[in-house]
Amino acid sequence: MKKVRTRFAPSPTGYMHVGNLRSALFAYLIARHYGGEFILRIEDTDRSRYVEGAVEFIYDIFNKFGLKIDEGPNNEGKCGPYIQSERLPLYKKYAEELVKMGKAYYCFCSEERLEKLRKEAEENKVPFLYDKHCLKLSKEEVEAKIKAGIPYVIRQNIPDEGITEYDDLVYGHIAIENRLLEDQILIKSDNYPTYNYANVIDDHLMGITHVTRGNEYLSSTPKYLLLYEAFGWESPVYIHMPHVIKTDGTKISKRNKDDNLIDLLNDGYLPEAIINYLAFLGWSPEDNEEILSLDELIKKFDIKRISKSSGAYDVMKLRWVNSHYIKKLDDDKLIELVRPHLENTYDLSNKSDEWIKDLILLYRDHLSYGKEIIEVSSLFFKEEISLDQECREFMQQEGIDETLKIFKDEISKIEEWNLENINIAINNTKEKSGAKGKMLYMPIRIKVTGQMHGPELPNTLYLLGKDIVLKRLN
RNA sequence: GGCCCGUUGGUGAAGAGGCUUAACACACUGCCCUUUCACGGCAGCACUCAUGGGUUCGAAUCCCAUACGGGUCACCA
């Protein structure tokens with residue numbers, strides 16, 4: 001069996017969202033599962049889209065997520081260059097070969113003529129297909145027009161009859177009638193290849209065995225197949241993937257913060273967790289394990305288990321996965337992840353490193369992502385706390401005022417502020433007030449933190465400091 | 001509009017004719033644990049698999065229609 005090679009082929013926009021990574025990840029998992037190679041190719045045949053530094057950006061992202069690129073623009077293998085704009089002569093050469101074989105032809109039709117055709121098609125309510133007008137041109141006519149400097153494109157010559165079919169590894173058998181396929185443009189008038197064409201040439205030349213891509217190409221794949229056939233090349237295996245959408249059913253947008261990988265990383269989501277979660281969008285393993293490392297994913301990944309219907313990217317589930325990984329982090333790593341968020345939001349100038357460390361560790365089991373520390377720990381930084389409806393209702397219960405009075409008294413008696421003495425104060429309050437359990441802890445928690453939920457109470461009190469605790473008990 | 005693909009709960013999904021009175025997980029609700037909170041554990045949450053026909057002794061699973069959603073029909077990728 002040939003060595004499996006897959007590729008990720010983005011256009012250099014300098015941007016990646018969760019859907020893009022999911023696509024790359026599937027290609028990556030397939031390559032690694034079979035002990036194959038993963039290639040990065042930059043598809044910059046649309047010159048207007050190019051963004052400076054996009055290649056470095058992509059390498060950086062892959063690096064952050066622990067995905068190794070075997071061959072690409074920055075680490076070339078045998079199939080370079082890996083940037084399409086640097087492969088122009090190649091595309092031209094193969095296109096001319098196709099022309100010689102009669103599988104492609106020069107087209108000089110003007111934008112105006114095409115526009116007119118399109119309009120007519122629309123009026124007649126039929127799909128627009130180029131009418132092969134320039135196919136009728138004689139060799140001499142073509143040469144004369146080229147010599148005269150008339151701009152031209154090269155179009156694929158697709159047969160009017162017959163059916164082109166293939167077996168997609170995810171969607172199964174797909175058959176399209178050739179008469180429904182347009183004589184698509186291979187080489188644009190600016191001498192650049194179109195995506196559709198460059199793709200075929202590159203995938204073949206780069207030895208790609210498994211082509212992964214979004215299912216929007218399901219019905220245009222026969223055009224590619226016809227090209228492979230024309231050249232007498234063996235076609236790759238096709239793996240069309242379902243799309244990633246949002247939970248409301250709309251497309252993933254560039255603007256949304258929750259979808260952008262850089263934002264996710266900046267908000268304190270862990271790369272391993274994102275990878276783990278994304279692998280499950282449109283795929284599931286045979287067993288029920290949901291927390292899987294990249295190595296485990298590679299081992300378990302099975303093309304046959306990719307689903308056909310699109311999956312919704314749900315941040316809530318990502319958070320759940322991420323919280324698993326946060327719990328496994330050692331203290332130093334956790335602090336490294338969380339501390340910057342505190343620093344960016346709150347004034348820590350009068351807090352010791354020890355205090356900050358304790359605060360973060362106090363919240364370990366409560367955090368699902370790094371930035372969450374800001375809202376959950378706000379009680380430590382607020383001057384005033386206010387109680388919501390639920391808290392106020394709880395506080396109306398009988399005896400609570402008395403309990404708090406006793407507790408305040410006990411707290412003010414503490415000379416050395418430490419966990420042990422805080423616990424003694426709580427216990428003394430229990431003895432003197434007769435309150436216990438929820439009726440003992442909850443009033444204190446609400447009065448001092450303003451919340452009914454939060455981390456371990458004695459530790460919270462300790463970190464708040466005696467002054468603030470007393471102040472809030474007033 | 002033509003063609004292609006899809007449709008299991010709020011979400012991810014398992015399920016490839018009888019083992020399904022539809023797994024598992026997120027979210028949600030309740031209980032247990034915890035002298036509070038969280039973690040963790042347990043339970044509840046689709047009388048049904050878009051709808052309607054058909055095939056079959058038997059269908060979420062096969063077939064056909066319809067509806068809905070997505071894609072495609074560019075000198076964009």
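Reckoned from all heavy atoms, side chains included, excluding hydrogens, waters and symmetry mates. Below, chain A is the first sequence line, B the second, and so on; all start at residue 1. If you're wondering where the values come from, they're calculated on a predicted model, not measured in any experiment.
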Counting the atoms with a prime plus P, OP1 and OP2 as sugar-phosphate, which does [X] contact under 4.0 Å by heavy atoms, base, sugar-phosphate, or nothing?
X: M439(A); result: nothing
X: I426(A); result: nothing
X: S284(A); result: sugar-phosphate
X: R305(A); result: sugar-phosphate
X: G214(A); result: nothing
X: D44(A); result: nothing
X: I174(A); result: sugar-phosphate
X: K251(A); result: sugar-phosphate
X: I176(A); result: sugar-phosphate
X: L440(A); result: base
X: G311(A); result: sugar-phosphate
X: T45(A); result: sugar-phosphate
X: L180(A); result: sugar-phosphate
X: V153(A); result: base

Same-atom distance ([atom1]) from [N] to [M], integer angstrom:
N: C73(B); M: U11(B); atom1: C1'; result: 33 Å
N: G17(B); M: C62(B); atom1: C1'; result: 8 Å
N: U56(B); M: U66(B); atom1: P; result: 23 Å
N: A22(B); M: C37(B); atom1: C1'; result: 37 Å
N: C33(B); M: G40(B); atom1: C1'; result: 8 Å
N: G69(B); M: A59(B); atom1: C1'; result: 24 Å
N: G12(B); M: A50(B); atom1: P; result: 14 Å
N: G10(B); M: C39(B); atom1: P; result: 25 Å

Of the listed nucleotides ([options]), which one gets closest to any side-chain atom of [X]?
X: R118(A); options: C75(B), C26(B), C37(B); answer: C75(B)
X: S219(A); options: C4(B), G1(B), A27(B); answer: C4(B)
X: P127(A); options: A38(B), G2(B), C26(B); answer: G2(B)
X: L218(A); options: C75(B), A77(B), C4(B); answer: C4(B)
X: Y441(A); options: U35(B), C75(B), A27(B); answer: U35(B)
X: S189(A); options: G6(B), C75(B), G12(B); answer: C75(B)
X: N288(A); options: G1(B), A74(B), C24(B); answer: C24(B)
X: H366(A); options: G12(B), G6(B), A38(B); answer: A38(B)
X: L114(A); options: A38(B), G12(B), C75(B); answer: C75(B)
X: N427(A); options: A13(B), U35(B), A74(B); answer: U35(B)

Between [N] ([atom2]) and [X] ([atom1]): distance, integer Å:
X: N276(A); N: G12(B); atom1: CG; atom2: P; value: 17 Å
X: I158(A); N: C3(B); atom1: CD1; atom2: P; value: 18 Å
X: H240(A); N: U72(B); atom1: NE2; atom2: P; value: 12 Å
X: Y130(A); N: U72(B); atom1: OH; atom2: P; value: 24 Å
X: L186(A); N: A77(B); atom1: CG; atom2: C1'; value: 15 Å
X: K328(A); N: G40(B); atom1: NZ; atom2: P; value: 13 Å
X: K119(A); N: A74(B); atom1: NZ; atom2: C1'; value: 17 Å
X: Y217(A); N: C5(B); atom1: OH; atom2: C1'; value: 15 Å

Counting only side-chain nitrogens and oxygens, does K438(A) get under 4.0 Å of the OP1 or OP2 atom of U34(B)?
no
If the cut-off is 4.0 Å, is H243(A) near the phosphate of G70(B), judged by side-chain N/O to OP1 or OP2?
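False: H243(A) side-chain N/O out of range (4.0 Å or more) of G70(B) OP1/OP2.
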Dump the intermediate steps for salt bridge (charged side-chain N to carboxylate O under 4.0 Å, His left out) on E115(A) and R113(A), then the final yes or no.
CA-CA 5 Å; E115(A) 203 42 59; R113(A) 176 167 192 274; over 6 Å; no
Report the base-pairing partner of [N] (Watson-Crick or G-U wobble, both distances below 3.5 angstrom), or none.
N: C47(B); value: none
N: G1(B); value: C73(B)
N: C57(B); value: G18(B)
N: C31(B); value: G41(B)
N: A67(B); value: U7(B)

Can S23(A) and R213(A) be counted as having a side-chain donor-acceptor contact under 3.5 angstrom?
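R213(A) and S23(A) do not have a side-chain donor-acceptor pair below 3.5 Å.
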Would you say the side-chain atoms of T164(A) and N178(A) include a donor-acceptor pair closer than 3.5 Å?
yes
Minimal non-hydrogen separation, Y59(A) against P73(A), with atom names
OH-N, 3.3 Å
Pick the closest RNA chain B nucleotide for K430(A) and for W320(A) by heavy atoms, then say which residue is nearer the 5' end.
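Result of the comparison: W320(A).
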If you take atom types as modelled and just measure distance, does the side chain of K317(A) reach the base of A27(B) with a donor-acceptor pair under 3.5 Å?
no
Do F38(A) and F8(A) pass the ring pair (Phe, Tyr, Trp, His ring centres under 6.0 Å) test, and can you show the C-alpha distance, the side-chain angles, and the key distance before you say yes or no?
CA-CA 8 Å; F38(A) 177 71; F8(A) 179 56; 7.0 Å; no
Would R7(A) and D203(A) count as a salt bridge (charged side-chain N to carboxylate O under 4.0 Å, His left out) here? Give the steps.
CA-CA 8 Å; R7(A) 106 264 115 143; D203(A) 282 342; 2.7 Å; yes
Quiz item: cation-pi between [X] and [Y], 6.0 Å / 45°:
X: R392(A); Y: F394(A); answer: no
X: R118(A); Y: F128(A); answer: yes
X: K371(A); Y: Y369(A); answer: no

Can you tell me if S433(A) uses its side chain to pair, donor with acceptor, with the backbone of A435(A) under 3.5 Å?
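Checking the backbone N and O of A435(A) against the side chain of S433(A), a donor-acceptor pair under 3.5 Å is found.
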